[in-house]
Amino acid sequence: MKLNIAVLAGDGIGPEITKQSIKVLKAVADRFDHEFNFEEGLVGAAAIDLLGAPLPDSSLDLCKKSDALLFGAIGDPKYDNNPDSKVRPEQGLLQLRKGLGLFANIRPVKTYDKLIEQSPLKSDRITGADLVIYRELTGGIYFGEKQTSEDGKSASDLCSYSTNEIERVAHLAFKSAQQRRKKLTLVDKANVLETSRLWRKTVTEIAKEYEDVELDFLFVDNAAMQMILNPKQFDVILTENMFGDIISDEASVIGGSIGLLASASVGGKCAMFEPIHGSYPQATGKGIANPVASILSAAMLLDHFELTEEADAVRKAVELSIKLNVCTQDINPDNHYTTEKVGDFLEGLISEIDNININNENLNLGQMTII
Ligand code: IPM
Ligand code: MG
């Protein structure tokens with residue numbers, strides 16, 4: 001398969017982790033005989049500094065003519081600490097989502113046996129947790145009208161949703177539930193918010209088309225608590241933009257490190273694949289950032305084009321690297337590897353993946369021969 005992949009690596013650790021994903025995707029292309037072409041563009045603080053805009057037209061155009069977008073991270077403390085700044089790096093990401101019509105953000109969360117003990121949550125609560133969050137991405141309070149009064153003493157952000165915006169993401173979430181454990185939980189605040197009541201009504205109506213899927217509802221405050229108390233109860237979570245932003249960061253704790261969580265944003269012609277973590281500016285250039293979330297996002301890219309065997313090879317390589325402890329310091333504090341080394345290891349594994357059995361005898365062998 002031939003794919004043109006736009007790369008917007010962005011700020012902070014974005015460039016160093018994205019570089020590892022490109023390496024892994026190139027190894028996949030070689031191993032499975034595909035042609036992946038990569039073209040880079042600017043976004044975020046990097047783009048503001050050079051071109052004065054967080055998403056220059058040239059970058060949006062690049063994405064529009066590409067099959068997929070590999071995105072790094074966005075954000076820079078010099079803007080976070082200045083509430084008066086008119087341009088902010090994050091605007092680039094929001095413009096990208098809107099400009100490419102990416103209305104659904106998919107965030108899978110699972111646990112790795114090796115990392116269970118590292119989670120701050122008790123192991124019996126999280127062992128076997130496996131859920132996916134479908135977050136609406138181009139509506140709600142993120143995109144509603146924003147105002148600050150002239151005297152600067154009040155401000156407002158409008159939250160609005162149309163049935164159409166709810167329906168299109170809901171269908172994707174129901175279809176995903178049909179392929180999984182057939183349970184969908186709508187997270188909302190229908191006891192208070194009018195928009196949430198519209199979500200409940202619309203989703204209840206759509207559920208009639210998916211009779212094999214069990215639908216239930218949770219208020220977001222309760223959902224936040226349940227996510228920690230008993231994450232195993234969740235299969236597919238469907239929610240609006242802001243609630244999805246918050247509970248997906250919370251859910252990342254279950255996996256042991258936010259450095260492992262991948263995401264896909266779909267809906268338009270060019271889908272986007274990005275780690276859920278931010279730009280982690282304190283770590284920039286130190287070789288300590290975990291590239292796995294970005295690499296697993298690249299696996300979601302492969303899934304998106306139905307390259308399932310290829311995506312499985314990437315996931316299998318990641319699992320092996322975690323078993324072998326070939327990991328960055330967030331999950332392997334005592335004997336860690338650099339961002340680059342983890343990328344090299346995974347790149348090497350992809351080409352060898354058929355010859356490697358994941359059992360304890362081969363683990364050391366794998367480490368000696370490949371590193
Ligand atoms: C995310 C991020 C973004 C969001 C920020 C960087 C604008 O937190 O993708 O979850 O709030 O959507
Ligand atoms: Mg977020």
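In listed order, ligands and their atoms are each counted from 1. The figures here come from the full heavy-atom set of this structure, side chains too, leaving out hydrogens, waters and symmetry mates.
Considering only non-hydrogen atoms, atom 10 (O) of ligand 1 lies nearest to D245 out of L137, N105, L94, D245. Among H277, Q91, R88, R107, the residue whose heavy atom lies closest to atom 1 (C) of ligand 1 is R107.
For the Mg ion (ligand 2), the neighbouring protein N/O/S atoms at less than 2.8 Å, given as residue and atom, are D245 OD1.
Partners of H336 according to the ring pair (Phe, Tyr, Trp, His ring centres under 6.0 Å) rule, which considers only residues two or more places apart in sequence or in another chain, do not exist here. Considering only residues two or more places apart in sequence or on other chains, F217 meets the ring pair (Phe, Tyr, Trp, His ring centres under 6.0 Å) condition with none of them.
Electrostatic pairing of E240 and K189 does not count as a salt bridge here, judged by no charged N lying under 4.0 Å from a carboxylate O. With respect to K2 and D67, no salt bridge is recorded, no charged nitrogen being found less than 4.0 Å from a carboxylate O. Under a 4.0 Å N-O distance rule, the pair R197/E194 qualifies as a salt bridge.
Listed by first and then second residue, the side-chain hydrogen bond (donor to acceptor under 3.5 Å, both in side chains) pairs involving residues 274-284 amount to none (not counting sequence neighbours).
Scanning all protein heavy atoms for the shortest distance to atom 9 (O) of ligand 1 gives R97 NH2, 2.7 Å. Of all protein heavy atoms, the one lying nearest to atom 4 (C) of ligand 1 is Y142 OH, 3.4 Å.
Under the 30°/60° scheme for interplanar angles, the aromatic rings of F38 and F36 are found to stand perpendicular.
Distance check: N105 CG to S263 OG gives 4.5 Å after rounding to the nearest 0.5 Å.
S294 and S21 share a donor-acceptor pair across their side chains, judged by distance under 3.5 Å alone.
Residue R135 has at least one heavy-atom neighbour below 4.0 Å for each of these atoms of ligand 1: 1 (C), 4 (C), 9 (O), 10 (O), 11 (O), 12 (O). Listed by number with element, the atoms of ligand 1 under 4.0 angstrom from any heavy atom of E90 are 6 (C), 7 (C).
In terms of N/O distances under 3.5 Å, ligand 1 is not approached by E274.
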